[in-house]
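Bear in mind the structure is a predicted one, so any value in this text is a computation, not a measurement. Whatever order the structure lists ligands and atoms in, that order sets their numbers, starting from 1. Atom set for the values below is all heavy atoms of this structure, side chains included, hydrogens, waters and symmetry mates excluded.
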Amino acid sequence: MNVSDLREILQYVPRFRERIFVIAVDGAVAASENFSNILLDLAVLRSLSVRVILVHGASRQISDLATKRGIKVSNTDGTGITDDATLEVAIDAAIRLTNGIMEGLSAVDLRAAYANAIIAHPAGILGGTDQLFTGRVERVDNHALELLLKEGIIPVIPPLGFDGEGRTYRVNSDGIALEVAEALHAAKIIFLGADDVVGGPSPLPRQLSIDEAEDLTRKLRASGGSSGLISKLECAARSCRVGVPRAHLLDGRINEALLTEIFSHEGSGTMVYSNEYQQIRRIFKKDVRAVMNLIRQSVEDEEIARRTRADILSRIEDYWILEIDRTPIACVALHVDSANSLAEMACLYVSKAHENKGYGRKLMAFAENLAKEKGIERVYALSTRAVNYLQQKGGFTEADTSMLPGERRARYEVSGRNSRILVKELRPKSS
Ligand code: ARG
């Protein structure tokens, strides 16, 4: 591991300290081999003072128990009808699993408590059919949960709810996670799913704004996507609408998926976010040092022309950085020469740890747009070692020094770098 990875990890530690994470584990994940690793990762989170609430599903366990008992259940995931017999199996299977989870938590020295914090009402009659013992969350007993958290105890919440009469209802766990996260102003919901999260036809995008997540939910619904995925994506988007800054969908069967998602810039799964995550912005005086640090190695490797602090300062308004969670990971400069309707794209660099993820292309497109907005017709770049990149990814073609304006050509010759010259027309010449 290098220092920049370590910095990346450590950057998130203070950000998440004392914050509440609702971790929603599907029954299938709790039954998977990886669950013991997840428990260890929860211990890591606790050691960093993250306050964890564990919500679990139990569909897998309910179907298994029903098969064992030879009972036909009316629904397993708390989204359909729960008849009498199904409720009985659901209570047995869910509470057994809660107990199993508590055993696992004790084994990694974490204190946990079963919390009956979900006050539920019957889902009622939907589409003309009484949903019987399927419930919906009426209220979350946040006071009880807060007391446990304050004592350093992990509340474990099964997919069941209770009403004031002491009746139990089967409630879908994604919905519980959403309600709990909202009630406790959680910093995150993390859904750890199995096939439903990753089993779709195409991989999910790495991050989605709320609008994008809602769009995708609609599309998946129209195209008959997996109901588990739709439910999680919808709950993720809704949680962001009600104030949870970030919700994540991860494959709970992959070791380290959880820690990588939380402590790296790009994560390992899909994130729905409502706060600032990635941005391209102009640099200020205070950022000059960061830009110089970013490109230092590349300058030493003769990829990027050497420039001093004064060089950057003298044209500071030309420089842009791409940040992830406020860490600069890439930069570009655009020097505009309006008189010649030309602009030079320079200082394009993506830090090693973030290579091959499309950031370079993103910045090139950004610079081009910027140039277009300024009415520029051609962009050029001088490059010693990124010629192929600029041709293949940027659509630049090689030109000779004659295209450089006089003053720029003079500087080119003095530099002795012998860079290749690459050009891109922003508008077809004929138009
Ligand atoms: N580690 C950060 C967080 O937990 C960023 C995660 C980004 N994840 C992603 N799938 N894009 O908030």
J.: Just which atoms of ligand 1 are under 4.0 Å from any heavy atom in Tyr12?
T.: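 It comes down to these atoms of ligand 1: 1 (N), 2 (C), 5 (C).
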
J.: Name the closest protein heavy atom to atom 4 (O) of ligand 1, giving the residue it belongs to and the distance to 0.1 Å.
T.: Lys188 NZ, 2.9 Å

J.: Quick one: look up the protein heavy atom nearest atom 8 (N) of ligand 1 and list residue, atom name and how far away it is.
T.: Glu261 OE2, 2.8 Å

J.: Give the atoms of ligand 1, by number and element, whose distance to some non-hydrogen atom of His265 is under 4.0 Å.
T.: 5 (C), 6 (C), 7 (C)

J.: Check this for me - ligand 1, Ser268, N or O atoms closer than 3.5 angstrom, yes or no?
T.: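 Such a contact does not occur with ligand 1.
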
J.: I'd like to check whether Asp325 has a polar contact with ligand 1, where a contact means an N/O of the residue lying under 3.5 Å from an N/O of the ligand.
T.: no

J.: With the side chain counted from C-beta on, respond yes when Leu220 and Leu233 share a heavy-atom pair under 4.5 Å apart, and no when they do not.
T.: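 Yes, side chains in contact.
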
J.: Run down the list Gln11, Glu266, Glu8, Gln278 and name the one with the heavy atom closest to atom 9 (C) of ligand 1.
T.: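 Closest candidate by heavy-atom distance is Glu266.
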
J.: Under a 4.5 Å cut-off applied to non-hydrogen side-chain atoms, are Phe133 and Pro122 in contact?
T.: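 In short, these two side chains do not touch, never coming nearer than 4.5 Å.
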
J.: What protein heavy atom sits nearest atom 11 (N) of ligand 1, and how far away is it?
T.: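 That would be Gln207 OE1, 2.7 Å.
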
J.: Identify, by atom number and element, the atoms of ligand 1 in contact range of Tyr277, meaning under 4.0 Å from any of its heavy atoms.
T.: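 In order of numbering, the contacting atoms are 5 (C), 7 (C), 11 (N).
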
J.: Can you give me the closest heavy-atom contact between Arg307 and Ala346, atom names plus distance?
T.: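 Here Arg307 and Ala346 meet closest at NH1-CB, 4.4 Å.
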
J.: Among Ser264, Gly267, Gly269, whose heavy atom sits nearest atom 1 (N) of ligand 1?
T.: Ser264

J.: Who's the nearest protein heavy-atom neighbour of atom 12 (O) of ligand 1, and how far?
T.: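 Checked against all protein heavy atoms, atom 12 (O) of ligand 1 sits closest to Arg246 NH1, 2.6 Å.
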
J.: Strictly below 4.0 Å, N to O, side chains only: are Arg408 and Asp337 in salt-bridge contact?
T.: no

J.: Only one of Glu368, Glu344, Glu398 forms a salt bridge (charged side-chain N to carboxylate O under 4.0 Å, His left out) with Lys424, so which one is it?
T.: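 Exactly one pass, corresponding to Glu368.
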
J.: Could you tell me whether Arg46 and Asp109 make a salt bridge, using a distance below 4.0 angstrom between a side-chain N and a carboxylate O?
T.: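 Judged by the 4.0 Å cut-off on N to carboxylate O distance, Arg46 and Asp109 do not form a salt bridge.
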
J.: Is any side-chain heavy atom of Leu204 less than 4.5 Å from a side-chain heavy atom of Leu229?
T.: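 Yes - at least one pair of side-chain heavy atoms lies under 4.5 Å apart.
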
J.: Ion pair present between Glu214 and Arg241, side-chain N to carboxylate O less than 4.0 angstrom?
T.: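 Looking at Glu214 and Arg241, the cut-off is met.
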
J.: Could you tell me which atoms of ligand 1, counted from 1 in the order shown, lie closer than 4.0 angstrom to a heavy atom of Ile262?
T.: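 It comes down to these atoms of ligand 1: 1 (N), 2 (C), 3 (C), 4 (O).
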
